[in-house]
Asker: 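Starting off with a structure, shown below.
Here, residue 1 is the first one in the sequence, and each next residue gets the next number. As the structure is a prediction and not an experimental result, all values here were calculated from the model.
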Amino acid sequence: MRTIAVEEHFVASGFAEKGAGDDPGEGDTTETSLTNRLGDLGEERLTAMDEGGIDVQVISETQLHGVELTAEEWVTLAEEANDELADAVAAHPDRFAGFATLPMAAPEKAADELERTVAEHGFVGAMINGATDGQFLDHPRFVPVLERAAELDVPLYIHPGFPPDEVEEAYYEGFGSEIDFSLATTSWGWHAEAGLHALRLIASGVFDRLPDLKIVLGHMGEMIPFMLDRIDEWLSPLTTELEHDVPHYFRKHFWLTTSGMFSQIPFRAALEAVGADNVMFAVDYPYSSNEKGRRFIENVDVPPSDLEKITHRNAERLFGLSED
């Protein structure tokens, strides 16, 4: 069974020098080995893919939590990171594909960088890690990025981001550093925020203005599938300026991935919410295990035709990847 994993991370050397990739990961991965795996775009990654039964990774820059950058530094480091990833993709075109990292603090330059990486490197979209300066993608400043993604017909992958300091202090602190961190990020907080990010985009009307815009959400849809009926009941009647109800946009413009959540209940919710054509396999390497992801997807209870879509055909279609 061919498997394309679509939320797999690395840290570029320039960002690593600024401290990116040093945060603790999920599960039992030690911080040292996590940092090493994030930095590798060669044999160690390929060996891990082979051992875990992963044929292709769509690779993206990891979180930049705690990294202090000016807008100008971000532009330069993003370009360098994308070129570094492009070299790895060029060296292993049958195993790797790339998402651009964008300097979102400079939206016009971010839009240009998206176009450059698609045109020059064949990247298949971009990964955006949470809010920028406390602002979500529905803010008017980010219109250039959304318009360029729609024009290029490539998706934007909205990945969870670390909460602003004031939110983290008010909502998640008080239990000790490890529990505080988990509440704010991997066990709850940033997933809820990513779901909010998606709902804000829908409520803004951007999909009426840009009907070709495509968004990917990881972690089985960042809580929205479980809440979709209630969202429809309480939010859709208020969004009277939109052409459709909220679930319509979610089913038409969003693709959901399995990244880092290998259990049946959220999988069934994601499948029910958007259908088998809009669910894709992902591991969240190296924060999650390739073996665990592969074992999960091999044992889901779906028809073989749907399993083919989820494991590789949807990714091939959405990202323009060649078939095996």
Asker: Looking at every non-hydrogen atom in both residues, tell me the closest pair between I310 and N314 and how far apart they are.
Answerer: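 Between these two residues, the closest heavy atoms are N-ND2, 3.9 Å.
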Asker: Flag the pair P160 / T185 as yes when at least one side-chain heavy-atom distance between them is below 4.5 Å, and no otherwise.
Answerer: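 P160 vs T185: side chains apart.
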Asker: For the residue pair H9 and I59, what are the closest heavy atoms and their distance?
Answerer: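 It is C-CG2, 4.3 Å.
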Asker: Are there over 12 heavy-atom neighbours, none belonging to E44, within less than 6.0 Å of that residue's CD?
Answerer: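 Correct, the count exceeds 12.
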Asker: Would you kindly confirm whether L64 and M104 end up in one hydrophobic cluster when ILVMFWY residues are joined by side chain heavy atoms under 4.5 Å apart?
Answerer: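 Yes, one cluster joins them.
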Asker: Give me the atom names and distance for the closest heavy-atom approach of M220 to P225.
Answerer: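 Scanning both residues, the minimum pair turns out to be O-CG, 3.3 Å.
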Asker: Is there a donor-acceptor pair closer than 3.5 Å between any side-chain N or O of R317 and the backbone N or O of D277?
Answerer: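 A pair under 3.5 Å: yes.
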Asker: Apply side-chain contact (heavy atoms from CB on, under 4.5 Å) to residues F250 and L217 and explain how you reach the verdict.
Answerer: CA-CA 10 Å; F250 194 63; L217 291 177; 4.0 Å; yes
Asker: When you look at CG of D94, are more than 12 heavy atoms from neighbouring residues, nucleotides or ligands closer to it than 6.0 Å?
Answerer: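 More than 12 within 6.0 Å, yes.
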Asker: Is M227 close to L235 at the side-chain level, that is, under 4.5 Å between some pair of heavy atoms?
Answerer: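 Answer no - side chains too far apart.
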Asker: Can you tell me if T101 uses its side chain to pair, donor with acceptor, with the backbone of A78 under 3.5 Å?
Answerer: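 No: the side chain of T101 does not pair with the backbone of A78.
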Asker: Side-chain contact, heavy-atom cut-off 4.5 Å: V75 with E79?
Answerer: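 When only atoms from C-beta onward are counted, E79 and V75 do touch, with a gap below 4.5 Å.
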Asker: Which is it for D50 and R95 under the salt bridge (Lys or Arg N to Asp or Glu O under 4.0 Å) test, yes or no, and what are the steps along the way?
Answerer: CA-CA 10 Å; D50 291 340; R95 305 301 302 275; 2.9 Å; yes
Asker: With a 4.5 Å cut-off on side-chain heavy-atom distances among I, L, V, M, F, W and Y, is there a chain of contacts connecting L318 to F96?
Answerer: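 No, it is not one cluster - the side chains of L318 and F96 are not joined through contacts under 4.5 Å.
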Asker: Does a side chain donor of either T257 or Y157 reach within less than 3.5 Å of an acceptor in the other side chain?
Answerer: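 Indeed, the side chains of T257 and Y157 share at least one donor-acceptor pair under 3.5 Å.
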Asker: Which atoms form the tightest heavy-atom contact between L256 and V274, and what is the distance?
Answerer: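 What the structure gives for the nearest pair is CD1-CG2, 3.8 Å.
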Asker: Does CD belonging to E272 count more than 12 external heavy atoms closer than 6.0 Å?
Answerer: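 For E272, atom CD is not crowded (no more than 12 foreign heavy atoms under 6.0 Å).
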Asker: Are V6 and L85 connected in a single hydrophobic cluster, I mean Ile/Leu/Val/Met/Phe/Trp/Tyr linked by side-chain heavy atoms less than 4.5 Å apart?
Answerer: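 L85 and V6: separate clusters.
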Asker: With a sphere of 6.0 Å drawn around NZ of K309, does it hold more than 12 non-hydrogen atoms of other residues, nucleotides or ligands?
Answerer: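 Atom NZ in K309 is crowded, with more than 12 foreign heavy atoms closer than 6.0 Å.
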Asker: Side-chain contact test, heavy atoms from C-beta onward, threshold under 4.5 Å: evaluate it for L201 versus L146 and give yes or no.
Answerer: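 The answer is yes; the side chains approach within 4.5 Å.
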Asker: Side chains of M1 and I297: closer than 4.5 Å at any heavy-atom pair?
Answerer: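 Sidechains of I297 and M1: in contact.
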Asker: Between S322 and R2, which heavy-atom pair has the shortest distance, and what is it?
Answerer: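 S322 and R2 have their closest heavy atoms at O-NH2, 3.1 Å.
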Asker: Does some side-chain heavy atom of H253 sit less than 4.5 Å from a side-chain heavy atom of I202?
Answerer: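 They are not in contact (no side-chain heavy atoms under 4.5 Å apart), so the answer is no.
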Asker: For a side-chain contact (heavy atoms from CB on, under 4.5 Å) check, start with the C-alpha distance between Y172 and V167, then their side-chain angles and the critical distance, and finish with the verdict.
Answerer: CA-CA 8 Å; Y172 303 118; V167 174; 4.3 Å; yes
Asker: How many angstroms lie between atom CD of E120 and atom CD of E115, to the nearest 0.5 angstrom?
Answerer: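 Output value for this atom pair is 10.0 Å.
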Asker: Angle class for the F162/F181 ring planes (parallel below 30°, perpendicular above 60°, tilted otherwise)?
Answerer: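 Judged by the thresholds at 30° and 60°, the geometry between F162 and F181 is tilted.
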Asker: In Å and rounded to the nearest 0.5 Å, what is the CG to CG distance from L114 to N82?
Answerer: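 Interatomic distance, L114 CG to N82 CG, rounded to 0.5 Å: 9.5 Å.
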Asker: Counting N and O atoms only, with roles assigned by atom type, does the side chain of S182 sit under 3.5 Å from a partner on the main chain of E178, one being a donor and the other an acceptor?
Answerer: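 Answer holds: no.
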Asker: Aromatic ring centroids of H244 and Y249 under 6.0 Å?
Answerer: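 Yes; Y249 has its ring centre under 6.0 Å from that of H244.
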Asker: Would you check if the side chain of D208 reaches a backbone N or O of E243 as a donor-acceptor pair within less than 3.5 Å?
Answerer: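 A pair under 3.5 Å: yes.
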Asker: Using modelled atom types only, decide if a donor and an acceptor are shared between the side chain of S289 and the backbone of E291 within a distance under 3.5 Å.
Answerer: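 Yes.
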Asker: Which residue in the set E73, E68, E61, E80 passes salt bridge (Lys or Arg N to Asp or Glu O under 4.0 Å) when paired with K18?
Answerer: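 Single salt bridge (Lys or Arg N to Asp or Glu O under 4.0 Å) partner of K18 among E73, E68, E61, E80: E73.
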Asker: Linking I/L/V/M/F/W/Y whenever any side-chain heavy atoms sit under 4.5 Å apart, do V206 and V216 land together?
Answerer: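 No, no single cluster joins them.
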Asker: For E233, look at atom CD and say whether over 12 heavy atoms of other residues, nucleotides or ligands are found less than 6.0 Å away.
Answerer: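 Yes, enclosed.
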Asker: Between S259 and Y287, is there a side-chain donor-acceptor contact under 3.5 Å, judged purely by atom types and distance?
Answerer: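 Absent: no donor and acceptor within the cut-off.
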Asker: A side-chain contact here means heavy atoms from C-beta on lying under 4.5 Å apart; do E168 and D180 qualify?
Answerer: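 When only atoms from C-beta onward are counted, D180 and E168 do not touch, as no gap falls below 4.5 Å.
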Asker: Quick one: pull up CG in N290 and CD1 in I54 and give me the separation to the nearest 0.5 Å.
Answerer: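 If I round to the nearest 0.5 Å, the distance is 4.5 Å.
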Asker: When rounded to the nearest 0.5 angstrom, what is the spacing between CE in M261 and OG in S288?
Answerer: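 Atom-to-atom, M261:CE and S288:OG are 10.5 Å apart.
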Asker: Is it true that, when you exclude E298 itself, more than 12 heavy atoms of the residues, nucleotides or ligands shown sit nearer than 6.0 Å to its CD?
Answerer: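 Yes, because the 6.0 Å sphere around CD of E298 holds more than 12 heavy atoms from other groups.
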Asker: Is the F254 to F207 ring centre distance short of 6.0 Å?
Answerer: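 Yes, the ring centres sit under 6.0 Å apart.
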Asker: Determine whether F136 and L199 fall in the same hydrophobic cluster, where Ile, Leu, Val, Met, Phe, Trp and Tyr are linked whenever their side-chain heavy atoms lie under 4.5 Å apart.
Answerer: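 Looking at the clustering, L199 is in a separate group from F136.
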Asker: Under 3.5 Å, is there a donor-acceptor pair between the side chain of T239 and the main chain of L242?
Answerer: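 Checked: no pair found.
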Asker: Taking the side chain as C-beta and beyond, is there a heavy-atom pair between I4 and E316 under 4.5 Å?
Answerer: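 Heavy-atom side-chain distance check passes, below 4.5 Å.
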Asker: So, does H312 use its side chain to make a donor-acceptor pair with the main chain of E308 at under 3.5 Å?
Answerer: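 Side chain of H312 to backbone of E308, a donor-acceptor pair under 3.5 Å: yes, one is there.
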Asker: Are the side chain of N299 and the backbone N or O of R295 linked by a donor-acceptor pair below 3.5 Å?
Answerer: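 Yes, the answer is positive, given that a donor and an acceptor are paired below the 3.5 Å cut-off.
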Asker: If I take atom NE2 from residue H92 and atom CG from residue L46, how far apart are they, to the nearest 0.5 angstrom?
Answerer: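 Interatomic distance, H92 NE2 to L46 CG, rounded to 0.5 Å: 5.0 Å.
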Asker: Looking at H191 and T186, would you say the former's side chain and the latter's main chain have a donor-acceptor pair under 3.5 Å?
Answerer: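 At least one qualifying donor-acceptor pair exists.
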Asker: What do the steps show when you test D112 against R148 for side-chain contact (heavy atoms from CB on, under 4.5 Å), and what is the final call?
Answerer: CA-CA 8 Å; D112 290 342; R148 198 71 58 89; 3.0 Å; yes
Asker: Quick one: does any side-chain atom of T3 pair with a main-chain N or O of T311 as donor and acceptor, under 3.5 Å?
Answerer: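 No; judged by distance alone, with no hydrogens or angles, the pair does not exist.
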Asker: Could you go through E193 and M223, starting from their C-alpha distance and side-chain angles, then the distance that decides it, and tell me whether this counts as side-chain contact (heavy atoms from CB on, under 4.5 Å)?
Answerer: CA-CA 10 Å; E193 182 177 283; M223 303 186 183; over 6 Å; no
Asker: Going by atom types only, do D83 and H121 share a side-chain donor-acceptor pair under 3.5 Å?
Answerer: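 The criterion, which ignores hydrogens and geometry beyond distance, is satisfied for H121 and D83.
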Asker: Supply the atom-to-atom distance Y285 OH to M49 CE, rounded to the nearest 0.5 angstrom.
Answerer: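 Separation between the atoms: 9.5 Å.
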Asker: Do R268 and D301 pass the salt bridge (Lys or Arg N to Asp or Glu O under 4.0 Å) test, and can you show the C-alpha distance, the side-chain angles, and the key distance before you say yes or no?
Answerer: CA-CA 9 Å; R268 299 307 306 182; D301 183 18; 5.5 Å; no
Asker: Indicate the atoms forming the closest heavy-atom contact of W74 with L102, along with that distance.
Answerer: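 Shortest heavy-atom contact: CZ2-O, 3.5 Å.
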Asker: Counting only heavy atoms not in D229 (residues, nucleotides, ligands), do more than 12 fall under 6.0 Å from its CG?
Answerer: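 Open.
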Asker: Around atom CG of L238, are there more than 12 heavy atoms from other residues, nucleotides or ligands closer than 6.0 Å?
Answerer: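 Check passes, neighbour count above 12.
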